[in-house]
Protein chains: 2
Amino acid sequence: MTLDTANLLRKHGLSITAQRLAVLRALSRRPHSSADAIAEEVRAEISVISRQAVYNALGTMVEKGLIRRIQPTGSPALYEDRVGDNHHHAICRTCGKTVDVDCAKGAAPCLTAAADAGFQIDAAEVIYWGTCPACLAETPGG
Amino acid sequence: MTLDTANLLRKHGLSITAQRLAVLRALSRRPHSSADAIAEEVRAEISVISRQAVYNALGTMVEKGLIRRIQPTGSPALYEDRVGDNHHHAICRTCGKTVDVDCAKGAAPCLTAAADAGFQIDAAEVIYWGTCPACLAETPGG
DNA sequence: TGCATTGTGTGGACAAATTCAATTAATTAA
DNA sequence: TTAATTAATTGAATTTGTCCACACAATGCA
């Protein structure tokens, strides 16, 4: 597995560092994590990493397309290592839990309308807001 | 027009203040503005407003449904006064220009998939990322 | 219109998230 | 192994947004 992540970095022309590998592994263990959460997760594995190194690694890897960043309203940015498929996210307003939502259609919806505005669209970002099953269960009458 | 905005506030049980009126007007002149941009726009009209008053007014009005907040990745929150219709946004990666995109369908897409995860969805937020016509024109081969 | 109540604005401090800059350390290529 | 490149560390600055306490303005009622 370590080889996989290392190769992943190499394939994108990034040099291989303990920090980047650890960030990738942390992300794979806990997708939808904030930079801060990743820093903690990484520290559990390799003891120390600077905050800057985390932002650095995340930023570079987002740029190279290894990982993806999502930014829900009122929350720090979240990162995930699942890329390349057109999936979206559902976030619970109560507990903040974030889950992947597969998009049934390959093509994004309403794309025609966007095209009408003359935009050349390369990605559609969809966030569904609601209440997760667990929080629904705790809400009387929910 | 001042009457309109005043009535809008009154209708939602908010008291009418110069700051709120100015924020509403600023928003109507420049939709998709950040809190900071709105503060500047307001200052051009009524000279002074505190940052807090801007956030206050925006927060209250979002809560009451008079305006809407959108939070694109890597940008401060943007506000707009167009509410009640299920429209989305396209943002230019190059210049940051944000335009409204009407949604052809009343129901949000992929909702079934989200429902499968057991979530009770109350809103879908869609952002299309791409290149606007102006930036397309400036990009050779674009 | 005048007064009391309630709500809002102001200004400054504060906090979180992220970025910048300079130095040091690690990685890569020769 | 060594030089050159690239990344990590440290610490401070910036950006974005919030909290607090006091002054002020808006609203409702007489």
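Chain identifiers are assigned alphabetically (A, B, ...) following the order of the sequence lines, protein sequences preceding nucleic acid strands; residue numbering begins at 1 within each chain.
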Taking only Lys NZ, Arg NE, NH1 and NH2, and the carboxylate oxygens of Asp or Glu, determine whether A:Arg29 and A:Glu45 approach each other closer than 4.0 Å.
-> yes
Of all heavy-atom pairs between B:Val42 and B:Ala26, which one has the smallest distance, and what is that distance?
-> CG2-CB, 3.8 Å
Given side chains that start at C-beta, do those of B:Leu14 and B:Leu8 come closer than 4.5 Å, heavy atoms only?
-> no
Any side chain to side chain donor-acceptor pair (under 3.5 Å) pairs touching residues 70-79 of chain A, not counting sequence neighbours?
-> A:Arg69-A:Tyr79
Pairwise side-chain contact, A:Leu24 with A:Leu9, heavy-atom cut-off 4.5 Å (strictly under) = yes
With Watson-Crick and G-U wobble geometry limited to distances under 3.5 Å, how should the secondary structure of DNA chain C be encoded in dot-bracket form, using | for bases paired to another strand and [ ] for crossing pairs?
-> ||||||||||||||||||||||||||||||
Between C:dG7 atom P and B:Asn56 atom CG, what is the distance in whole Å?
-> 13 Å
Polar atom pairs between nucleotides 14-18 of chain C and protein, under 3.5 Å, N or O only, would you list them?
from   : atom 1 : to      : atom 2 : distance (Å)
C:dT18 : OP1    : A:Ala77 : N      : 3.2
C:dT18 : OP2    : A:Tyr55 : OH     : 2.7

Protein heavy-atom contacts under 4.0 Å, written 5' to 3' over nucleotides 21-30 of chain C as B (base), S (sugar-phosphate only) or - (none), form the string ------SS--
B:Ile46 atom CD1 is separated from D:dA25 atom P, nearest whole Å, by 13 Å
When Ile, Leu, Val, Met, Phe, Trp and Tyr are grouped by side-chain heavy atoms lying under 4.5 Å apart, directly or through other members, which residues fall in the same group as A:Ile70?
-> A:Leu78
In whole angstroms, the gap separating C1' of C:dG7 from CE of B:Met61 amounts to 16 Å
Over how many whole Å does the gap from B:Lys64 atom NZ to C:dG7 atom P extend?
-> 11 Å
To the nearest Å, give me how far apart CZ (B:Arg20) and P (C:dT10) are.
-> 12 Å
Side-chain heavy atoms under 4.5 angstrom apart, residues restricted to Ile, Leu, Val, Met, Phe, Trp, Tyr: same cluster for B:Ile46 and B:Val23?
-> yes
More than 12 foreign heavy atoms under 6.0 Å from CZ of B:Arg43: is that the case here?
-> yes
Taking every non-hydrogen atom, the tightest pair across A:Cys92 and A:Cys132 | SG-N, 3.4 Å
Validation row: A:Thr98, A:Glu80 side chains within 4.5 angstrom (heavy atoms) | no
When the distance from NE2 of B:His12 to P of C:dG7 is rounded to whole Å, what number comes out?
-> 18 Å
Only counting residues at least two apart or in another chain, list the ones meeting ring pair (Phe, Tyr, Trp, His ring centres under 6.0 Å) with B:His89.
-> B:His32, B:His87
